[in-house]
Number of protein chains: 2
Amino acid sequence: MSDRRQISMAVVRRLPKYHRYLLELISNDVDRISSKELSEKIGFTASQIRQDLNNFGDFGQQGYGYNVKELYNQIGNILGLNETYNTIIIGAGNIGQAIANYSNFSKLGFTNQAIFDKNPKLIGLKIRDIAILDVEFLEDYLKKNNIDIGILCTPREQAQEITDTLVKNGVTAIWNFAPIDLQVPDNVVIENVHLSESLLTLTYRLNEPKLLHDIKK
Amino acid sequence: MSDRRQISMAVVRRLPKYHRYLLELISNDVDRISSKELSEKIGFTASQIRQDLNNFGDFGQQGYGYNVKELYNQIGNILGLNETYNTIIIGAGNIGQAIANYSNFSKLGFTNQAIFDKNPKLIGLKIRDIAILDVEFLEDYLKKNNIDIGILCTPREQAQEITDTLVKNGVTAIWNFAPIDLQVPDNVVIENVHLSESLLTLTYRLNEPKLLHDIKK
DNA sequence: TAGATTGTTAATCGATTAACAATC
DNA sequence: TAGATTGTTAATCGATTAACAATC
């Protein structure tokens with residue numbers, strides 16, 4: 001009767017990749033696939049694939065493998081893609097505008113409802129038919145509209161304050177592009193996209209061979 | 001005499017976060033910090049912090065802790081920030097333009113040298129004084145210029161072909177924003193920023209409580 | 001039925017945390 | 001010197017891989 005324990009983030013981060021590969025298989029008219037075949041494509045072990053999927057149900061069939069279309073739909077459901085999501089973007093700078101313009105998300109069921117900024121030069125400007133609003137009206141807007149996900153693209157300095165406003169007005173998911181670790185209550189989920197940090201892991205690995213050679217003990 | 005073994009990605013991904021927190025400490029005029037104090041700020045255990053740092057050297061001092069400025073510089077060096085990097089962006093769509101406009105990277109030592117696209121409407125257009133070039137000249141450009149990092153912002157369909165061109169002409173690091181797993185030789189390092197996948201982990205977690213309740217065994 | 005492949009338990013591997021001697 | 005805190009070894013925890021009985 002009690003809920004099952006939480007799935008580890010290691011597993012969760014693999015789910016969208018399964019989803020992507022399964023869509024590719026569908027577009028290649030592949031009907032069924034075994035964990036072994038999928039393993040060769042996706043680069044996880046067959047064992048890991050079976051373990052991952054069995055966290056959520058018995059999607060396969062012994063002797064047969066997995067039905068591609070069915071598994072794709074199941075994973076879509078697990079990822080919450082049976083629902084649609086209303087988003088707003090806060091911060092209409094480079095990244096905010098890029099996200100607003102990026103059409104792929106709408107295919108997945110995300111609809112961006114509004115964009116906010118505090119720069120008077122940006123307010124009123126339209127991006128894909130959506131006018132940039134004054135961030136001063138954010139709280140008011142949230143009281144009147146049901147928003148699932150806040151996409152945070154402000155500079156670091158404003159990020160926590162905006163987050164507080166979002167959380168206070170019922171937003172429970174934040175996609176954070178600001179280079180800061182936000183403080184939120186336990187019921188709010190945050191996904192960080194820290195671009196600088198991502199880039200720095202690249203330079204680390206670029207230099208690693210020399211580095212480890214130099215500091216050998 | 002032999003090189004030390006490779007550092008795990010779990011450790012590497014924490015390094016930029018140390019770097020960021022140490023910079024914040026510097027700007028708050030904090031001179032020294034113990035692993036315990038840093039632990040409380042950054043949210044890793046003190047033990048993990050000491051383990052992480054000791055992969056690269058003995059940066060601390062018993063009874064004292066770590067000198068903030070020195071540790072910041074050391075981690076900067078480990079991340080390769082003692083060097084500068086020439087980058088090019090391939091794909092001048094939303095994300096490519098956003099990255100090109102984003103000034104924070106230049107502070108870290110990254111200089112974007114060129115932007116390429118195949119869309120005639122974009123070619124010739126300038127972003128921050130850098131004209132968008134025809135991607136047809138990419139190979140030629142790479143032969144004449146020393147580029148450290150290729151920033152890949154094309155649609156999925158072009159990504160592998162561009163990657164092949166980059167690799168063939170000596171680029172050994174790719175920051176990949178295209179939703180695809182690129183095939184490269186072992187000596188080439190890739191850092192993926194898969195935005196859709198990032199967003200889907202958010203919707204997963206948004207729905208997880210209900211999901212796990214529904215599928216209890 | 002025989003062969004294939006899953007679902008799942010057990011074994012292994014790696015990463016994190018705890019403990020403490022070394023030492024500033 | 002005494003107290004604090006590191007560097008590092010050992011213990012624990014969790015994630016991945018291997019093995020195999022169940023079964024389509």
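Convention: sequence-line order gives letters A, B, ...; per-chain numbering from 1. All values below were derived from every heavy atom in this structure, side-chain atoms included, with hydrogens, water molecules and symmetry-related copies excluded.
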Give a yes-or-no answer on whether the side chains of [X] and [Y] include a donor-acceptor pair shorter than 3.5 Å.
X      : Y      : result
B/Y141 : B/N169 : no
B/N112 : B/T87  : yes
A/Q51  : A/N55  : no
B/N54  : B/D58  : yes

Thinking salt bridges, do B/K143 and B/E139 make one under a 4.0 Å N-O criterion?
->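 Salt bridge flag = yes for B/E139 with B/K143.
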Is the base of [N] touched by the side chain of [X] through a donor-acceptor pair closer than 3.5 angstrom?
X     : N      : result
A/S47 : D/dA18 : yes
B/Q51 : D/dT9  : yes
B/Q61 : D/dT5  : no

Can you tell me if the side-chain N/O atoms of [X] get under 4.0 Å from OP1 or OP2 in [N]?
X     : N      : value
A/R14 : D/dT16 : yes
A/R50 : C/dT6  : yes
A/T45 : D/dT17 : yes
B/Q62 : D/dA4  : no
A/Y66 : C/dG7  : yes
B/R32 : D/dA4  : no

Whole-Å distance separating the [atom1] atom of [X] from the [atom2] atom of [N]:
X     : N      : atom1 : atom2 : value
A/N55 : D/dG14 : CG    : P     : 15 Å
B/L53 : C/dT16 : CG    : P     : 14 Å
B/D52 : D/dG7  : CG    : C1'   : 13 Å
B/M9  : C/dG14 : CE    : P     : 16 Å
A/R13 : D/dA15 : CZ    : P     : 14 Å
A/N54 : D/dT23 : CG    : P     : 14 Å
A/D58 : C/dT6  : CG    : C1'   : 9 Å
B/Q48 : D/dG14 : CD    : C1'   : 13 Å

Closest to the B/A10 side chain, choosing from C/dT16, C/dT6, D/dT5 =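 From the listed options, C/dT16 comes nearest.
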NA contact type, B/F44, heavy-atom cut-off 4.0 Å: base, sugar-phosphate, or nothing?
->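 B/F44: no heavy atom of the nucleic acid under 4.0 Å.
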What does the inter-axis angle of the helix from C/dG3-D/dC24 to C/dC24-D/dG3 come out as, five pairs per end, nearest 10 degrees?
->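 If I round to tens, the end axes sit 10° apart.
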So, A/F105 versus A/Y85, ring centres under 6.0 angstrom or not?
->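 No, they do not, as the ring centres are separated by 6.0 Å or more.
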Do A/R32's NZ or CZ and the ring of A/Y66 fall within the cation-pi criteria of under 6.0 Å and 45°?
->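 Because its charged atom misses either the 6.0 Å distance or the 45° angle limit, A/R32 does not stack over A/Y66.
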Take A/I162 and A/L152 through the side chain to side chain contact (heavy atoms under 4.5 Å, CB included) test and state the conclusion after the steps.
-> CA-CA 8 Å; A/I162 299 289; A/L152 192 51; 3.6 Å; yes
